[in-house]
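Notes follow the structure.
We number each residue from 1, following the sequence as shown.
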Amino acid sequence: MQRALSALGPSLARGGARRDGESAVSRALRGATASSSFKRTLAGLGFGVVLGWAVVAQPKLAVMLLALGACLAAQAIGVRRLVLILIVTTFVTRFRIVLGGFHFMPEHVVLLIALISLAMSMRLDRVWAVLRSPTVLLLGLFIVWGGAVSFMRAPERTSSLAIVGWLALDWLILVLAMAAIEDSSKIERVGAAAAVGAAAIAIVLWGLSSAGMIAFGTQLEPLTHAQAAYGLSFEANILASTMAIWLFLILTGARSARFRVIAFALLGTALVLSLTRAAIIGLVLGLVVWALLEGKVATGRVLRSLAAAAVAIAVLSVLAPSVTAPFTKKIADAATFSSGTGQLRAQSWSTAVGDIHGAGDALLGLGMNTFGQRHLDPTVPELDRGYYLGNLPLEIFYDTGFVGVLLIVAAIATMRPLRREHPGRAVGLIVIYVICSITTSAFWFGSTWLLIAMALHRRHSRQPAREPRVQSRPAGALADAGLA
């Protein structure tokens, strides 16, 4: 073959040799790839067999093998991909993993693997840079203070310190997200997509549960006695606050009009099905604040969104009144605190204030999550279950006193929400979060701490770069260097 090509000319001969060589190399690479894939498959099967045997025969060895497998998986996946997976798992708060009597969520498992990957990547320089952030330091100090107060004053010290440990894991989510992801827009894009998926799942589960096909995804709402959707969230209030926050971020962000329409339809529907009035009121007020602070373009978008929501509810009221009737009843009784869940919340707030005796309690607090250690849930007296305060501002004061409140306020102040390129978006988000947190608290979930990471990323990215110093030189020297 080579001789025939040589007879036709040297260039063709060289081309033919190159093609023969390339085909030989490609064949070798394909063979090597297939061989390595086969070896990895065999290694995976072997590891699975050994692990299965160890679980039955040697539990301690099984723990070591699981740790080894986690390290290998962390190295293979990579820290950035794991953080993106972590963002998705923050929308799944319904499920718990119990280890040693302590409860963990899927986000904590992914966090552990991501931290292993971060440590193995040797990119700890970014971690030290994150730890120098005043916001991160103040939030960490708040958790340390909560732990100290809980150790000294909680009736059930172990239960309170477990909540402190949960907050410490959330703080690690904040540090990891800031160290591994350099652009907050990536967190927002993945979070928005995950929110749309979570809303769609919640709607489907609500439909199946309402049809009696499954017993998951909804809970009984005490005021209307209708089924409120919670989807994959811890409860309906958590689903509602999550949907309200992310719908606000999507509507006020830079996503395409098509994506905003899809998100508005799905997240808005899930929000209505959750039957949580505080989240809806918070969303409306947050959008109003955004419109007032950002000008005509924002105002036009808010007016179109509110008009579309009003038309959709009016149409559903005619076509499916059984769906919208519980929602409209909840909204109509938004300011009612003499019956239903409003009365229960008002009573719990009054009881919490009554537990604060003297300057010491007000200054130091009573310990993390100790309201339920002092009071039982009156709605289910037969279960002997601790009461849930739910009002986040009051809960922070109850648990950690004025010291904890000042640490949280200082942490928020260091983020400088009013000194941003779009202050209306920052202030509107704070309004939504505060209103939602009056009825239920998402502070203990990783989703809140990812929002803080997004805010800190945006603040640092808006800071102007420092111009390098240039020593003055004579004009002739600049001309000689071609810079005059």
Considering only distance and modelled atom types, tabulate donor-acceptor pairs under 3.5 Å from the side chains of residues 247-257, sequence neighbours left out.
residue, atom, partner, partner atom, Å
T252, OG1, F248, O, 2.6
T252, OG1, R425, NE, 2.9
S256, OG, F259, N, 3.2

Inset, instruction - Just do the side-chain contact (heavy atoms from CB on, under 4.5 Å) check on M105 and T90 with the steps written out, would you? - result: CA-CA 9 Å; M105 291 188 298; T90 59; over 6 Å; no

Inset, instruction - Looking only at non-hydrogen atoms, find the nearest pair between M243 and A195 and report the distance. - result: CE-O, 3.8 Å

Quiz: residues 387-395 side-chain donor-acceptor pairs under 3.5 angstrom, not counting sequence neighbours:
residue, atom, partner, partner atom, Å
Y387, OH, L344, O, 3.4
Y388, OH, S441, N, 3.2
N391, OD1, L394, N, 3.4

Legend entry - Side chains of L364 and W145 in contact at under 4.5 Å (non-hydrogen atoms): yes

Legend entry - Residue pair I396 / I408, side-chain heavy-atom distance below 4.5 Å: yes

Inset, instruction - Verify, without hydrogens or angle tests, whether S350 (side chain) and A346 (backbone) share a donor-acceptor contact under 3.5 angstrom. - result: no

Inset, instruction - Give a yes or no on whether the backbone of F397 and the side-chain of T400 come within a donor-acceptor separation of less than 3.5 Å. - result: no

Legend entry - Student check: side-chain heavy atoms of Y398 and T370 closer than 4.5 Å: yes

Inset, instruction - List the atom of L306, the atom of V284, and the distance in Å for their closest heavy-atom pair. - result: CD2-CG2, 4.4 Å

Legend entry - Face-on cation placement of R96 at F104 ring, 6.0 Å and 45° thresholds: no

Inset, instruction - Before giving the answer on side-chain hydrogen bond (donor to acceptor under 3.5 Å, both in side chains), spell out for E235 and T440 the whole-Å C-alpha distance, their side-chain angles and the decisive distance to 0.1 Å. - result: CA-CA 10 Å; E235 61 180 6; T440 190; 2.9 Å; yes

Legend entry - Donor-acceptor contact below 3.5 Å, side chain S150 vs main chain G367: no

Legend entry - Donor on one side chain, acceptor on other, S160 and N369, under 3.5 Å: no

Inset, instruction - Determine the interplanar angle of the F445 and F234 rings, folded into 0 to 90°, and report it as parallel if under 30°, tilted if 30 to 60°, perpendicular if over 60°. - result: tilted

Legend entry - E294 (side chain) donor-acceptor with G424 (main chain) under 3.5 angstrom: yes

Inset, instruction - Check whether any side-chain N or O of S209 sits under 3.5 Å from a backbone N or O of L205 as a donor-acceptor pair, and report yes or no. - result: no

Inset, instruction - Applying ring-ring contact (aromatic ring centres under 6.0 Å, His included), run through H103 and W166 and close with a yes or a no. - result: CA-CA 9 Å; H103 294 255; W166 209 346; 8.0 Å; no

Inset, instruction - Dump the intermediate steps for side-chain contact (heavy atoms from CB on, under 4.5 Å) on L271 and T276, then the final yes or no. - result: CA-CA 7 Å; L271 193 55; T276 304; 5.8 Å; no

Inset, instruction - Given side-chain contact (heavy atoms from CB on, under 4.5 Å), test I432 with L285 step by step and report yes or no. - result: CA-CA 7 Å; I432 296 174; L285 292 180; over 6 Å; no

Inset, instruction - Test side-chain contact (heavy atoms from CB on, under 4.5 Å) on M454 and E188 and set out the steps. - result: CA-CA 7 Å; M454 287 170 53; E188 186 170 340; 3.7 Å; yes

Legend entry - Full working for side-chain hydrogen bond (donor to acceptor under 3.5 Å, both in side chains) between E107 and T89: CA-CA 5 Å; E107 63 188 39; T89 58; 5.4 Å; no

Inset, instruction - Anything under 30° is parallel, anything over 60° is perpendicular, the rest tilted; go ahead and classify F91 against W246. - result: tilted

Legend entry - Student check: side-chain heavy atoms of L176 and V79 closer than 4.5 Å: yes

Inset, instruction - Check for a donor-acceptor pair, side chain of S117 on one end and backbone N or O of I113 on the other, with a separation under 3.5 Å. - result: no

Legend entry - Nearest atoms (heavy-atom pairs only) where T414 meets P134: CG2-CB, 4.1 Å

Inset, instruction - Check whether any side-chain N or O of Q219 sits under 3.5 Å from a backbone N or O of A228 as a donor-acceptor pair, and report yes or no. - result: no

Inset, instruction - Verify, without hydrogens or angle tests, whether Y230 (side chain) and A202 (backbone) share a donor-acceptor contact under 3.5 angstrom. - result: no

Legend entry - I435 versus A278, closest heavy-atom pair with distance: CG2-O, 3.4 Å

Inset, instruction - Kindly say whether W449 contributes a backbone atom to a donor-acceptor pair with the side chain of W171 at under 3.5 angstrom? - result: no

Inset, instruction - May I ask you to decide if L232's main-chain N or O and R94's side chain share a donor-acceptor pair within less than 3.5 Å? - result: no

Legend entry - 4.5 Å side-chain heavy-atom contact, S348 and F371: yes

Legend entry - Heavy-atom side-chain contact between W290 and T299 under 4.5 Å: no

